Amino acid sequence: MSAGSAMFSILRRSFTTSTVSNQIIKLTRLRVVDNSEIGKQAMLEGKPPRCIHIYNKKSVGYLGDKVMIAIKGEKRKAILVGLKQRQNTKVPKFDSNNIVLIDDNGTPVGTRIHVPIPHILRTMMKEKTHSKGADYTKLLAIATKFV
(Lines give C-alpha, C1' and ligand atoms only; values in the text may rest on other atoms or scores of the structure.)
Protein backbone atom coordinates (compact mmCIF):
# COMPACT_ATOMS: atom_id res chain seq x y z
CA MET A 1 0.00 0.00 0.00
CA SER A 2 1.52 3.29 -1.04
CA ALA A 3 1.45 6.46 1.03
CA GLY A 4 -1.07 8.05 -1.35
CA SER A 5 -3.57 5.21 -1.08
CA ALA A 6 -3.16 5.07 2.71
CA MET A 7 -3.93 8.78 2.90
CA PHE A 8 -6.96 8.36 0.67
CA SER A 9 -8.37 5.56 2.86
CA ILE A 10 -7.95 7.72 5.97
CA LEU A 11 -9.67 10.66 4.28
CA ARG A 12 -12.45 8.44 2.98
CA ARG A 13 -13.29 7.29 6.52
CA SER A 14 -13.41 10.78 7.97
CA PHE A 15 -16.74 11.88 6.49
CA THR A 16 -20.15 10.36 5.99
CA THR A 17 -22.53 10.56 3.07
CA SER A 18 -25.77 10.00 4.97
CA THR A 19 -27.93 13.01 5.68
CA VAL A 20 -28.45 14.32 9.19
CA SER A 21 -31.95 13.58 10.44
CA ASN A 22 -33.29 16.18 12.85
CA GLN A 23 -36.60 14.36 13.17
CA ILE A 24 -37.60 12.13 16.05
CA ILE A 25 -37.87 8.68 14.51
CA LYS A 26 -37.12 5.21 15.83
CA LEU A 27 -33.67 4.78 17.42
CA THR A 28 -33.18 8.53 17.91
CA ARG A 29 -31.11 9.39 20.99
CA LEU A 30 -32.93 11.62 23.48
CA ARG A 31 -31.97 13.58 26.60
CA VAL A 32 -33.84 13.21 29.90
CA VAL A 33 -34.34 16.66 31.45
CA ASP A 34 -36.22 15.80 34.63
CA ASN A 35 -34.75 14.66 37.95
CA SER A 36 -35.98 11.05 37.81
CA GLU A 37 -33.48 8.54 39.19
CA ILE A 38 -33.39 6.27 36.12
CA GLY A 39 -32.95 9.27 33.82
CA LYS A 40 -30.04 10.68 35.83
CA GLN A 41 -28.27 7.31 35.93
CA ALA A 42 -28.63 6.75 32.17
CA MET A 43 -27.32 10.21 31.31
CA LEU A 44 -24.35 9.91 33.71
CA GLU A 45 -23.36 6.52 32.26
CA GLY A 46 -23.34 8.02 28.77
CA LYS A 47 -26.11 5.71 27.55
CA PRO A 48 -28.93 8.07 26.61
CA PRO A 49 -32.39 6.60 26.02
CA ARG A 50 -33.50 5.76 22.49
CA CYS A 51 -36.93 6.15 20.98
CA ILE A 52 -38.55 2.82 20.09
CA HIS A 53 -42.11 3.92 19.29
CA ILE A 54 -43.98 7.17 18.58
CA TYR A 55 -47.65 7.40 19.48
CA ASN A 56 -49.00 9.19 16.38
CA LYS A 57 -49.99 8.27 12.84
CA LYS A 58 -47.03 9.93 11.10
CA SER A 59 -44.28 7.93 12.92
CA VAL A 60 -42.34 11.18 13.35
CA GLY A 61 -42.26 12.79 16.78
CA TYR A 62 -43.24 16.42 17.25
CA LEU A 63 -43.41 18.70 20.27
CA GLY A 64 -45.80 17.33 22.90
CA ASP A 65 -46.00 13.80 21.44
CA LYS A 66 -45.83 10.72 23.61
CA VAL A 67 -43.03 8.26 22.82
CA MET A 68 -41.90 4.87 24.10
CA ILE A 69 -38.21 4.79 24.99
CA ALA A 70 -35.66 2.16 25.92
CA ILE A 71 -33.67 3.29 28.96
CA LYS A 72 -31.28 1.04 30.91
CA GLY A 73 -32.90 -2.10 29.51
CA GLU A 74 -36.46 -1.00 30.38
CA LYS A 75 -39.35 0.33 28.33
CA ARG A 76 -40.75 3.64 29.56
CA LYS A 77 -43.05 6.34 28.21
CA ALA A 78 -42.03 9.96 27.81
CA ILE A 79 -43.22 13.30 26.45
CA LEU A 80 -41.15 15.32 23.95
CA VAL A 81 -40.60 18.80 25.41
CA GLY A 82 -37.82 20.21 23.22
CA LEU A 83 -36.71 19.36 19.68
CA LYS A 84 -33.78 20.12 17.36
CA GLN A 85 -35.93 20.07 14.24
CA ARG A 86 -37.25 23.22 12.61
CA GLN A 87 -40.34 24.44 14.44
CA ASN A 88 -43.28 26.64 13.58
CA THR A 89 -42.95 30.37 14.09
CA LYS A 90 -42.71 31.51 17.72
CA VAL A 91 -41.72 28.02 18.89
CA PRO A 92 -38.10 27.80 20.05
CA LYS A 93 -35.64 25.34 18.54
CA PHE A 94 -33.43 23.51 21.05
CA ASP A 95 -29.88 22.18 20.91
CA SER A 96 -30.95 18.68 21.96
CA ASN A 97 -34.03 16.46 21.83
CA ASN A 98 -35.47 16.67 25.36
CA ILE A 99 -37.94 14.33 27.05
CA VAL A 100 -39.69 14.06 30.41
CA LEU A 101 -40.38 10.54 31.69
CA ILE A 102 -43.99 9.70 32.59
CA ASP A 103 -45.77 6.60 33.85
CA ASP A 104 -48.80 4.97 32.23
CA ASN A 105 -51.41 7.40 33.59
CA GLY A 106 -49.46 10.50 32.49
CA THR A 107 -47.95 11.63 35.79
CA PRO A 108 -44.26 12.59 35.57
CA VAL A 109 -41.71 10.31 37.25
CA GLY A 110 -39.49 13.19 38.37
CA THR A 111 -40.39 16.18 40.52
CA ARG A 112 -38.58 18.96 38.63
CA ILE A 113 -37.73 19.84 35.02
CA HIS A 114 -34.27 21.39 34.71
CA VAL A 115 -34.54 23.14 31.33
CA PRO A 116 -37.00 25.71 29.99
CA ILE A 117 -39.88 24.23 28.00
CA PRO A 118 -41.84 25.98 25.23
CA HIS A 119 -44.84 28.01 26.33
CA ILE A 120 -46.96 26.59 23.49
CA LEU A 121 -46.67 23.20 25.20
CA ARG A 122 -49.12 24.50 27.80
CA THR A 123 -51.95 24.80 25.24
CA MET A 124 -50.98 21.57 23.47
CA MET A 125 -51.06 19.53 26.68
CA LYS A 126 -54.42 20.95 27.76
CA GLU A 127 -55.91 19.75 24.46
CA LYS A 128 -54.47 16.25 24.96
CA THR A 129 -55.74 15.91 28.55
CA HIS A 130 -59.05 14.03 28.62
CA SER A 131 -61.36 13.13 31.45
CA LYS A 132 -60.70 9.41 30.94
CA GLY A 133 -57.15 9.63 29.57
CA ALA A 134 -53.84 10.81 30.92
CA ASP A 135 -53.54 14.00 32.96
CA TYR A 136 -50.71 16.12 31.55
CA THR A 137 -51.32 19.18 33.74
CA LYS A 138 -48.97 17.72 36.36
CA LEU A 139 -46.19 17.81 33.77
CA LEU A 140 -46.70 21.55 33.35
CA ALA A 141 -46.81 22.03 37.12
CA ILE A 142 -43.28 20.70 37.67
CA ALA A 143 -41.77 22.94 34.99
CA THR A 144 -39.87 25.87 36.47
CA LYS A 145 -39.19 27.93 33.33
CA PHE A 146 -41.10 28.55 30.12
CA VAL A 147 -39.70 30.03 26.90
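Count residues from 1 along the sequence. Given the structure is predicted, the values throughout are model-derived calculations rather than measurements. These values consider heavy atoms only, across backbone and side chains, with no hydrogens, waters or symmetry-generated copies.
- To the nearest 0.5 angstrom, His114 atom NE2 is 9.0 Å from Thr144 atom OG1.
- Interatomic distance, CG of Leu63 versus CG of Asn97, reported as 11.0 Å (0.5 Å rounding).
- If you take OG1 on Thr107 and CD1 on Ile102, they are separated by 8.0 Å, rounding to the nearest 0.5 Å.
- A donor-acceptor contact shorter than 3.5 Å is absent between the side chain of Asn35 and the backbone of Gly110.
- Under a hydrophobic clustering in which Ile, Leu, Val, Met, Phe, Trp and Tyr are joined whenever their side-chain heavy atoms come within less than 4.5 Å, directly or via other members, Ile113 and Ile120 fall into the same cluster.
- Hydrophobic clustering of Ile, Leu, Val, Met, Phe, Trp and Tyr side chains at less than 4.5 Å, counting indirect connections, unites Ile25 with Tyr62.
- Residues Leu139 and Met68 do not share a hydrophobic cluster, defined by chaining ILVMFWY side chains whose heavy atoms lie under 4.5 Å apart.
- Distance check: Cys51 SG to Arg29 CZ gives 13.0 Å after rounding to the nearest 0.5 Å.
- Between Lys138 and Pro108, the closest side-chain pair of non-hydrogen atoms falls below 4.5 Å.
- Here the shortest heavy-atom pairing between Arg76 and Leu101 reads CB-CD2, 4.4 Å.
- Not a single donor-acceptor pair under 3.5 Å links the side chain of Asp34 to the backbone N or O of Val100.
- In this structure, the separation between CD1 on Ile38 and CD1 on Ile69 is 8.0 Å, given to the nearest 0.5 Å.
- Between Ile117 and Val33, every side-chain heavy-atom pair lies at or beyond the 4.5 Å cut-off.
- Hydrophobic clustering, with ILVMFWY side chains joined whenever heavy atoms are under 4.5 angstrom apart, groups Ile79 together with Val115.
- By the rule that hydrophobic residues join a cluster once side-chain heavy atoms approach within less than 4.5 Å of another member, Ile52 and Leu83 end up as members of separate clusters.
- Using a 4.5 Å heavy-atom threshold, the side chains of Pro49 and Lys72 count as separate.
- Residue Asp103 holds its CG atom at 11.0 Å from OG of Ser36, rounded to the nearest 0.5 Å.
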